[in-house]
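The basis for the numbers below is simple: all heavy atoms, side chains too, and nothing from hydrogens, waters or symmetry mates. Naming convention: chains lettered A, B, ... in sequence-line order (proteins, then strands); numbering from 1 in each chain.
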Amino acid sequence: MSERFEYAPAPESRGIVDLATSYGLFIDGEFTAGASDTSFKTINPATEEVLAEVTEANDADVDAAVAAARQAYEKVWGPMLGRERAKYLYRIARIVQERSRELAVAESLDNGKPIRESRDVDLPLVAAWFFHYAGWADKLEHAGYGPDPRPIGVAGQVIPWNFPLMMLAWKIAPALACGNTVVLKPAETTPLTALLFAEICQQADLPAGVVNIITGAGATGRALVTHPGIDKVAFTGSTEVGRAIAKSLAGTKKRVTLELGGKAANVVFDDAALDQAVEGIVNGIFFNQGHVCCAGSRLLVQESVHEDVLDRLKARMATLRLGDPLDKNTDVGAINSAAQLARIRELSATGDAEGAERWSAPCELPDHGFWFAPTLFTGVSQAHRIAREEIFGPVLSVLTFRTPQEAVAKANNTPYGLSAGVWTEKGSRILWMAERLRAGVVWANTFNKFDPASPFGGYKESGYGREGGRHGLEGYLS
Amino acid sequence: MTTLSAALPDATTSEPSLRRFLAGLPGVDQVGAEARAATLATRSIKTTSKAYAIDLAISMIDLTTLEGADTPGKVRALATKALRPDPTDPTCPAAAAVCVYPDMVSTVREVVGDRLHVASVATAFPSGRASLDVKLRDTTDAVAAGADEIDMVIDRGAFLAGNVRRVFDEIVAVKQACASAHLKVILETGELVTYDNVRRASWLAMLAGADFIKTSTGKVQPAATMPVTLVMLEAVRDFRRATGRQVGVKPAGGIRSAKEAVRYLVMVNEVTGADWLHPDWFRFGASSLLNDLLLQRQRIATGVYSGPDYVTLD
């Protein structure tokens with residue numbers, strides 16, 4: 001018997017997903033080569049191996065996709081009864097469930113996230129989102145937006161690379177439930193599951209043009225959101241790009257919802273259930289390699305338990321298993337791209353330079369691909385860049401506070417306001433904190449919990465509009 | 001941990017100080033603890049690591065029979081099986097111990113000699129509803145008959161009524177009566193109900209000198225569960241950090257499949273670390289579990305499931 005309990009490799013089968021070598025665009029119900037003659041490669045960030053070649057849609061492709069969406073909106077989807085639209089959404093939800101293992105593998109391949117997360121978090125939520133909004137499709141007049149709410153028209157949707165399929169579901173499900181049609185652009189580093197979703201639309205016999213998927217980078221996204229043929233823009237991504245979109249749409253009749261960056265505070269009081277708080281801290285910042293807009297990237301811990309919490313946190317971080325995203329026992333996968341890895345490195349270097357103390361979990365990084373060990377910085381103050389800027393990686397800044405008032409002041413001292421966490425066994429303090437924290441979501445004694453019935457969105461520079469639940473319908477109804 | 005270490009010297013000086021110490025332990029969030037246990041249960045243990053875990057689990061079993069219908073014949077059969085769980089395979093490890101009522105201890109000892117530990121329940125098991133004198137006599141009886149491990153029950157009524165000092169004193173007295181025998185303290189977590197109580201009772205037992213803390217008698221439902229064992233593992237981990245003394249953990253009752261046993265070992269591995277992955281520090285109180293472990297072991301060796309006729313009846 002060996003001395004240590006080593007876990008043998010337990011890889012999920014890659015063979016379950018059948019990827020083409022190249023993908024065109026999904027316009028008007030068909031895969032098409034498109035007008036563009038340029039393409040780009042999407043790679044597996046864990047190995048840098050090329051997964052597929054994907055078309056970079058140009059202005060003519062955007063025109064074609066918007067025209068198809070307009071035609072479908074006016075002739076088929078807009079006039080269709082809600083209960084009929086619901087049938088399609090239920091069908092999509094069921095196909096997502098049936099194909100969830102395959103979709104989870106594709107997501108982990110293209111994104112680098114651990115299969116445990118794509119399998120147990122992303123895919124169940126994707127299906128849940130379609131089921132939830134399928135239920136709304138024939139009940140819109142009871143949603144509180146007037147007796148006869150109407151769809152807006154054609155929605156241009158641009159989504160990020162951190163939760164490719166989940167962000168697609170957050171965008172497409174409510175839009176379709178309300179009777180809109182969509183042109184969606186997935187992120188350039190993670191286009192594959194959106195293209196598999198296009199197959200699902202075909203499988204579900206969704207009328208042509210209701211969902212159009214165009215791939216490309218920033219220029220394609222710009223062409224989409226500024227296209228005169230769309231009525232609504234929904235964007236999830238960086239605050240920088242969100243600001244540019246808001247500027248470009250000023251003065252037009254287009255409606256906009258933006259879900260942008262965050263620098264969430266996770267506030268741990270001295271009376272918290274410490275072991276579970278440590279789990280929440282780990283889940284808050286190391287879930288999905290910290291590529292989460294609502295990540296709890298600032299730990300605010302009461303000074304009296306600072307040392308105890310750090311001891312427990314470091315011991316817990318040392319057990320995180322970093323490596324092959326397809327291994328079922330992996331907790332921390334690959335950073336999504338070389339560019340993102342460079343940004344994480346650059347920002348964490350400022351932590352060192354500005355005098356904070358770095359500690360990284362002892363783990364071996366693979367030779368190929370993009371990796372960053374789970375890391376925390378102590379001795380961080382509000383004045384450090386790593387306490388202010390969104391790192392979007394597995395890097396936690398640890399700050400302390402003395403009183404609840406100070407915790408609130410520090411938590412709110414950020415241009416962002418997407419989420420916050422509160423850890424205390426005292427119910428009254430949870431309510432007191434939730435009333436004062438300027439964040440769209442306040443989690444109490446938990447973190448990163450999502451449900452299709454619960455609205456999600458930001459204060460301040462974290463964006464506007466809400467996604468999820470009844471509130472998520474508002475952005476797609478006129 | 002620093003705050004705990006600082007509070008320790010005064011913790012057991014009086015009833016109020018003991019109560020204050022236990023109440024001052026960090027709480028357990030039920031949802032969070034159950035979620036952590038559920039996540040650990042998703043670990044996928046295959047091939048060589050599965051073979052390792054199965055052999056380790058077999059070597060950690062306290063093979064148990066605690067029935068009114070126990071006879072010398074039945075107990076001898078069980079003891080023989082504990083020595084050589086798989087008669088067809090000499091590489092199969094022995095169980096850790098045989099666990100019986102005090103009057104069966106000498107029968108087990110005759111069979112196993114000093115090759116295995118002999119554990120005896122005592123202290124008016126399973127309810128513990130007897131005077132301290134009777135409980136101590138029960139303990140010395142078992143030790144005199146040859147038990148080198150005593151599984152005592154705490155007075156749950158006293159604990160729930162807040163008389164923690166009384167529970168503490170009883171454990172101290174039983175520990176003394178054990179002499180050199182190892183003391184396992186059964187918390188009966190199914191009657192303590194909350195995880196906060198489980199954590200407090202764990203500390204109480206460790207402060208009073210327990211060598212092991214054990215979840216259940218097996219006579220109350222629910223018996224051992226993953227989250228309860230998680231809370232107890234966190235307690236022994238924190239106790240060692242605060243005092244330097246290592247205490248073992250024994251989930252008992254309700255663990256029937258090899259798959260569940262492997263999940264417990266994963267939890268031990270990731271919560272307390274490898275120091276507890278040894279029969280000296282972690283045990284399973286079980287009976288039918290052994291046969292499922294043997295079936296899985298044979299499947300790994302031969303590639304096919306053999307079936308219930310290829311493992312011995314208890």
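- Exactly one of A/N329, A/D327, A/D331, A/T330 qualifies for a side chain to side chain donor-acceptor pair (under 3.5 Å) with A/R116. That residue is A/D331.
- Of the two parts of B/N269, only the side chain, counted from C-beta on, holds a non-hydrogen atom closer than 4.5 Å to a non-hydrogen atom of chain A.
- The choice from B/L230, B/I45, B/T47 that makes the most heavy-atom pairs within less than 4.5 Å of chain A is B/I45.
- B/R297 pairs in a side chain to side chain donor-acceptor pair (under 3.5 Å) with only one of the listed residues (B/D292, B/D86, B/T91), which is B/T91.
- A heavy-atom distance below 4.5 Å is found between the side chains of B/R237 and A/R312.
- Using a 4.5 Å cut-off between heavy atoms, B/R43 contacts chain A through both its backbone and its side chain.
- The pair B/D196-B/R200 does not meet the salt-bridge criterion, since no charged nitrogen lies less than 4.0 angstrom from a carboxylate oxygen.
- Only the side chain of B/E234 comes within contact range of chain A, judged by heavy atoms closer than 4.5 Å.
- Looking only at side-chain heavy atoms (C-beta outward), A/I281 and A/V309 come within less than 4.5 Å of each other.
- Only the backbone of A/A272 comes within less than 4.5 Å of a heavy atom of chain B; no side-chain atom from C-beta onward does.
- When each of B/S49, B/G24, B/P26, B/G32 is checked for heavy-atom pairs under 4.5 Å with chain A, B/S49 comes out on top.
- For A/F401 and A/F269, the gap between ring centers is short of 6.0 Å.
- Between chain B and the residues A/A273, A/A318, A/A10, the most heavy-atom pairs under 4.5 angstrom are made by A/A273.
- For the set B/V31, B/V268, B/V266, B/T48, the count of heavy-atom pairs under 4.5 angstrom toward chain A peaks at B/V266.
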